[in-house]
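Side chains included, hydrogens not; waters and symmetry mates left out as well; all remaining heavy atoms used.
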Amino acid sequence: MIEGLAALYIFMLAGFTGYEIISKVPVILHTPLMSGSNFVHGIVLVGAMIALGIAENGTQQAIGFVAVLLAAGNAVGGYVVTERMLEMFKSSGKKDSAGGKH
Amino acid sequence: MTILIQASYFLAAVLFILGLKQMSSPVTARRGIQWAGAGMVLATLVTFLSPELTDNPQALTNYGLIVLAIAIGGGYAYVTGKKVAMTDMPQMIAMYNGMGGGAAATIAAVELLKAQGEVAAGHADSLLGSASMSAHPSSIAEAMGTDVTILAIVGAVIGTIAFSGSIIAWAKLDGRLNSNKLLPQQQLINLVLAIVLVGFAIAVYYTGELMPIIAFFGIALVLGVFITVPVGGADMPVIISLFNALTGLAVGFEGYVLGNAAMIIAGTVVGSAGSLLTHLMAKAMNRSVSNVFFSGFGTSAVAGAAADESGGSMKEVQAQDVGIMMAYASQVVIIPGYGMAVAQAQHKVWELTQLLTDKGVKVKFAIHPVAGRMPGHMNVLLAEAGVPYDLIYDMEDINADFGNTTVTLVIGANDVVNPAAKKDPASPLFGMPVLNAEESENVIVIKRGRGTGFSGVENPLFLLDNTRMLFGDGQKAVNELIQAVKEL
């Protein structure tokens with residue numbers, strides 16, 4: 001378990017980290033990056049698994065099941081679309097392989 | 001075992017941060033998402049070993065349920081994610097984001113219900129007279145602890161609103177929901193709902209009853225819908241980005257509830273990164289975030305005030321003439337808009353670009369920050385067609401270059417080249433940074449018809465003396481241009 005004050009430090013440092021990462025991003029990557037960060041909060045899957053794992057009765061299991069279902073959708077979907085977008089970014093140095101694809 | 005799990009979470013958090021960092025450059029971006037993906041797989045796998053799961057008497061059933069839920073949710077997302085068209089990417093991101101928000105909210109629901117169960121058990125015991133069981137808490141706050149309860153509740157509100165709001169955003173962008181108006185006095189109703197929501201949140205905190213929990217989640221769901229429905233289509237990217245940030249925050253808070261550092265770090269990083277991204281997008285569109293929520297821009301009739309005063313008329317041109325013009329130009333700048341993507345013309349545009357390049361013409365692409373449905377969306381669409389990213393220029397980099405440009409070709413873009421945004425204080429677009437297309441020698445606009453664009457604002461650029469209109473479907477028009485250039 002993470003104690004209150006330590007968690008506060010984690011919140012603060014992680015907040016600054018996120019700000020730093022985004023502040024230097026070129027506009028051309030905004031959509032993939034939004035999608036990528038959308039994938040990263042798919043870590044909620046871990047929490048959802050624990051929530052279902054600690055469930056003790058039918059109601060809790062049902063809600064936990066929904067949690068895992070949604071979280072898995074977030075993580076998998078976020079990854080698939082981000083990867084699909086990023087694999088298309090090529091520089092003109094690799095023109096041949098890019099142009100020949102279609 | 002705990003050490004292994006904690007170390008894995010730590011490593012996952014590091015991989016997420018490094019991955020996001022690498023995604024900030026086109027050269028390393030793909031490796032970035034793969035690193036983050038590796039972190040996710042690692043974190044998910046070790047969670048199966050966590051003592052919360054293994055020590056539960058229901059462990060076997062729960063393991064089965066977890067695997068089944070991952071298979072269904074992940075399978076659905078994998079299939080839809082693989083086949084979604086690049087033009088539909090924004091709504092798909094909204095959908096996956098909504099699922100994440102919903103997951104955070106349901107985690108909170110499980111935690112609150114568990115605590116509620118403890119309180120209820122306590123009541124039952126005291127009714128039976130076994131007062132010796134003094135360990136029983138009298139409220140959810142007592143059962144979970146003050147800090148945990150507060151963050152669970154706040155995370156639940158944020159996650160639920162992000163969930164229902166994202167679903168509405170998806171439905172609107174996907175064309176399944178076209179209504180912008182909901183109820184008269186919508187803002188007032190939302191305010192009242194928000195106050196009632198706070199009331200129920202307090203009730204959840206201080207009691208151990210089931211009813212406030214249900215009402216609390218129900219109202220949060222409705223509020224998410226009510227907030228999102230009135231938002232205009234042009235503002236949707238800002239909303240999606242905001243919900244993305246909110247989901248991150250909710251995940252971070254629920255991470256505290258579960259004592260999971262990986263969730264806290266990843267969630268908070270996304271929360272702050274997403275907030276900044278939302279701000280940057282709103283700024284690029286010359287809108288403030290509160291503006292987006294509290295005014296229906298592009299929804300009601302925002303009539304182009306100075307439409308007829310400029311006096312000029314649209315002048316048509318034939319594809320042959322444009323072909324000649326471009327083939328002998330020194331520099332051509334192409335300004336693509338969402339209309340180009342709708343017409344699926346990006347592959348043809350790239351073909352045209354290659355033809356012109358072979359003839360020694362310098363071709364550049366100029367991208368407005370909000371071209372497409374969200375910032376960077378147009379880059380993705382061009383990348384899909386094979387356009388290398390070093391031919392693509394941001395607005396700041398190319399705006400000074402229009403003076404050296406022989407032909408500017410505008411395809412399916414409208415508001416982002418509207419000079420009224422610079423000159424006409426009466427225009428609803430006034431103050432929005434735009435591309436200086438009108439400064440080039442010739443402007444060719446490929447457009448379906450004479451109507452107004454996405455936001456419904458008239459564009460005086462179309463009436464200028466150096467502007468010629470090439471009417472027709474984007475793909476067909478570009479095809480004609482290709483033929484014209486080839487015949488030379």
Side-chain angles (χ1 to χ4, degrees), chain A residues 1-2 4 7 10-11 14-15 17-19 21-22 24-25 27-31 33-38 40-41 43-44 46-54 60 63-83 85-86 88-92 98-99, chain B residues 16 20-21 23-24 26 29-30 33 37 43 47 52-53 62 65-66 69-70 73-74 77-78 81 93 96-97 99-100 102-104 106-107 109-110 147 244 247-248 251 254 256 258-259 263-266 268-270 272-273 276-277 369 374-377 379-380 383-384 386 388-390 394:
Chain A
M1 207 61 190
I2 297 139
I10 298 181
F11 276 123
T17 307
Y19 193 92
I21 290 171
I22 284 281
K24 298 180 195 102
V25 167
V27 179
I28 74 157
L29 281 171
H30 272 182
T31 291
L33 202 86
M34 193 210 284
S35 178
S37 60
N38 179 35
V40 166
H41 67 53
I43 187 68
V44 72
V46 166
M49 287 168 69
I50 294 172
L52 176 50
I54 58 174
Q60 291 169 14
I63 300 174
F65 185 80
V66 174
V68 177
L69 191 106
L70 292 173
N74 182 185
V76 175
Y79 184 84
V80 170
V81 296
T82 311
E83 163 106 78
M85 282 192 265
L86 290 176
M88 297 181 315
F89 281 88
K90 296 184 176 81
S91 78
S92 39
Chain B
F16 288 152
L20 278 175
K21 177 77 205 150
M23 272 187 247
S24 61
R30 192 161 180 213
I33 183 70
T47 304
E52 286 104 326
L53 272 71
N62 288 349
L65 288 174
I66 289 174
I70 291 179
Y78 184 83
I93 296 174
Y96 298 140
N97 175 54
M99 293 175 89
T106 39
I107 290 171
V110 172
D147 50 348
N244 184 39
T247 302
V251 171
E254 298 311 327
Y256 182 79
L258 295 168
M263 278 173 74
I264 297 180
I265 294 171
T268 312
V269 166
V270 173
S272 81
L276 181 59
L277 194 57
M374 52 168 87
H377 188 204
N379 305 78
V380 173
E384 186 192 19
Y389 58 76
D390 40 15
D394 286 349

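- Listed options A:Leu70, A:Val80, A:Leu86 were ranked by heavy-atom pairs under 4.5 angstrom with chain B; first place goes to A:Leu70.
- A distance of 7.5 Å separates CD1 in B:Ile264 from OH in B:Tyr256, rounded to the nearest 0.5 Å.
- Among A:Gln60, A:Glu83, A:Met49, the residue making the largest number of heavy-atom pairs under 4.5 Å with chain B is A:Met49.
- The contact between B:Asp394 and chain A is made entirely by side chain atoms (from C-beta outward), counting heavy-atom distances below 4.5 Å.
- The greatest number of non-hydrogen atom pairs below 4.5 Å with chain A, out of B:Leu276, B:Leu277, B:Val110, is found for B:Leu276.
- Ranked by heavy-atom pairs shorter than 4.5 Å toward chain A, the options B:Leu53, B:Asn244, B:Val251 are led by B:Asn244.
- The structure places CE of A:Met34 at 9.5 Å from CD1 of A:Ile22, a figure rounded to the nearest 0.5 Å.
- Atom CD1 of residue A:Ile43 and atom CG of residue A:Asn74 lie 10.5 Å apart, to the nearest 0.5 angstrom.
- When heavy atoms are compared at a cutoff of 4.5 Å, B:Glu52 approaches chain A by way of both its backbone and its side chain.
- Annotation: maximal heavy-atom pairing with chain B below 4.5 Å, among A:Thr17, A:Leu52, A:Thr82, A:Ile21, occurs at A:Leu52.
- Qualifying side chain to side chain donor-acceptor pair (under 3.5 Å) partners for B:Thr106, counting only residues two or more places apart in sequence or in other chains: none.
- In this structure, A:Val81 and B:Tyr96 approach most closely via the heavy-atom pair CG1-CE1, 3.8 Å.
- Legend: residues meeting side chain to side chain donor-acceptor pair (under 3.5 Å) with B:Thr47, ordered by chain and number and at least two apart, are B:Tyr9.
- Most heavy-atom pairs under 4.5 Å with chain B: of the set A:Val44, A:Leu29, A:Asn38, this distinction falls to A:Asn38.
- Here the side chain of A:Ser35 pairs no donor or acceptor atom with the backbone of A:Thr31 at under 3.5 angstrom.
- The candidate from B:His377, B:Met263, B:Met23, B:Arg30 with the greatest count of non-hydrogen atom pairs under 4.5 Å with chain A is B:Arg30.
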